[in-house]
Protein chains: 2
Amino acid sequence: METASRPGLRERKKQRIRDALLRAALELFLTQGYERTTVDEITAAVDVSQRTFFRYYAGKEEAVFFTHSVAASHFVDAVRARPRDEAPLEALRQAVLQGWDGIGETIERIIPVELHLRTYQLIESTPALFATHLRRSAEVEEEIARVIAEREGLDVDTDPRPRVAVAVFGGVMRVTERLWGTGEDISVAAIHRLTVSHLDAVRPALAEKWRTDGADGASAAVN
Amino acid sequence: METASRPGLRERKKQRIRDALLRAALELFLTQGYERTTVDEITAAVDVSQRTFFRYYAGKEEAVFFTHSVAASHFVDAVRARPRDEAPLEALRQAVLQGWDGIGETIERIIPVELHLRTYQLIESTPALFATHLRRSAEVEEEIARVIAEREGLDVDTDPRPRVAVAVFGGVMRVTERLWGTGEDISVAAIHRLTVSHLDAVRPALAEKWRTDGADGASAAVN
DNA sequence: GAGGTTAGTGACAGCCACTGACAATTGACA
DNA sequence: TGTCAATTGTCAGTGGCTGTCACTAACCTC
């Protein structure tokens, strides 16, 4: 009866090492900076060999983005779960907001949410990580585009709308994240607020004239 | 009188090495792949020391993106040169199309345009390069957002519209580039056509309902 | 519970991108 | 032509990452 609840000593030991490495890595990255932290320092903190680190994580980057992968697949699932009568962009909007609000339960099993949220600041301030983050986002967007296309009964290779819609949405999310990640308030409430205000700014931003409709645009101001 | 036209032997020698390194690097990257090409191979082809390569280029990546930097600043200049009565998105649209059409004169002084265009395929097919490409694009977008904000007399830090508009535009351009770069036809005509069709798909993609307006959406189909 | 099997680890050697330091070389210029 | 300064080659070293191999400890069977 305990094979399901207790996965065996070997497996538990592995899990402990994986967790310890992740935590040590993130804490070192956040205190000393990503590039100034060597793998040797991480493994020294956990007291395993350098080789062991690379058996658990493909590299330093994978450690940084470990929890992000979890969050990303939750987001994709959330999009899939949206009612089919919702407009595509509305479904995406609800899915991200839902994802952010549920980030606690999603991440806390692995590391303190605080640590996860702080990785965004690390990513935004480290060019190499930021680049990887964008690439990973692009991969998620490709997946989302396929989901949207399926929802709408379209072929993602002949109709540009699914990818375009997702790209528009993703572009706005990047701006939002960046503003949030480079700011001081890394609370979930803050990202929630910024997400809403930026998504609401899409239609005004696409308007022909910006200068005359001051009321509409100014109302979407941020900060 | 010849300081301007003939920059001296030393300078010419440097330029020759810089060009030779760039060409050798790109040709090796394109034939063997980016990661399978070592810096030693590049410098061996040009017959200089490895150290010399790093004096001209900060790393392998910088060589790949050398011409892209030129193209990017031409694009930014083109946006700046657009008439101020043009709507922001229209100005961006015209500037990119203009940029692509003039890519020949812009790049040919450095390397054959053919080589430059092929680097897009390399970038799209090499995750590390793709990531860097996205980061660089994000930097350009930030610059463009400031230009747009200035054009419209807005503060980029309080009004979200400049960054949002540029992010929307940039998102669509990424999708376009990716489709083009992973396809077979890497002609300027092809990217021009894809750019137009994708930008035209933005409004339909933002529509509430996709299923009913089949005529509008299907007309924007690609390929 | 002894003994074989196998997964996981440490130790070591090595590749490659990249950097700093210093000496050798070679245009530039008087 | 000799001096100065810019460029280059050489060398040594760091750090991320990988392959290999022997060893240990968990697991499994009888």
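Below, chains carry the letters A, B, ... as their sequence lines are ordered, and counting in each starts from 1.
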Rounded to the Å, how far apart are [X] [atom1] and [N] [atom2]?
X: A:L9; N: C:dG8; atom1: CG; atom2: C1'; value: 12 Å
X: B:E11; N: C:dA28; atom1: CD; atom2: P; value: 9 Å
X: B:Y57; N: C:dT19; atom1: OH; atom2: P; value: 16 Å
X: B:R55; N: C:dG20; atom1: CZ; atom2: P; value: 11 Å

Indicate, with a heavy-atom threshold strictly under 4.0 Å, whether B:Y56 touches base, sugar-phosphate, or nothing.
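If one applies the 4.0 Å heavy-atom cut-off, B:Y56 turns out to touch the sugar-phosphate alone, with no base involved.
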
Need to verify one output field. Residue with the more 5' nearest nucleotide on DNA chain D, B:R51 or A:E61?
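On the 5' side of the pair lies B:R51.
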
Salt bridge flag under 4.0 Å for residues [X] and [Y]:
X: B:R174; Y: A:E141; answer: yes
X: A:R161; Y: A:E152; answer: no
X: B:E142; Y: B:R163; answer: yes
X: B:R146; Y: B:D157; answer: no
X: B:R118; Y: B:E114; answer: yes
X: A:R82; Y: A:E90; answer: no

Under 4.0 Å from any atom of DNA chain D, heavy atoms only: list the residues of residues 13-46 of chain A that qualify, in numerical order.
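Within this stretch, A:K13, A:T37, A:T38, A:V39 sit under 4.0 Å of the strand.
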
Which sits closer to the 5' end of DNA chain C, B:G59 or A:T52, going by the nucleotide each is nearest to?
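Final value for this comparison: A:T52.
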
Quick check for you: name the first and last nucleotides of DNA chain D, 5' to 3', having an atom under 4.0 Å from a heavy atom of chain B.
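Contact boundaries, 5' end first: D:dA5 to D:dT10.
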
A:K60 versus A:T38: any side-chain heavy-atom pair under 4.5 Å?
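They are not in side-chain contact.
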
What's the separation between atom NE2 in B:H116 and atom CZ in B:F66, rounded to the nearest 0.5 Å?
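Separation between the atoms: 12.5 Å.
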
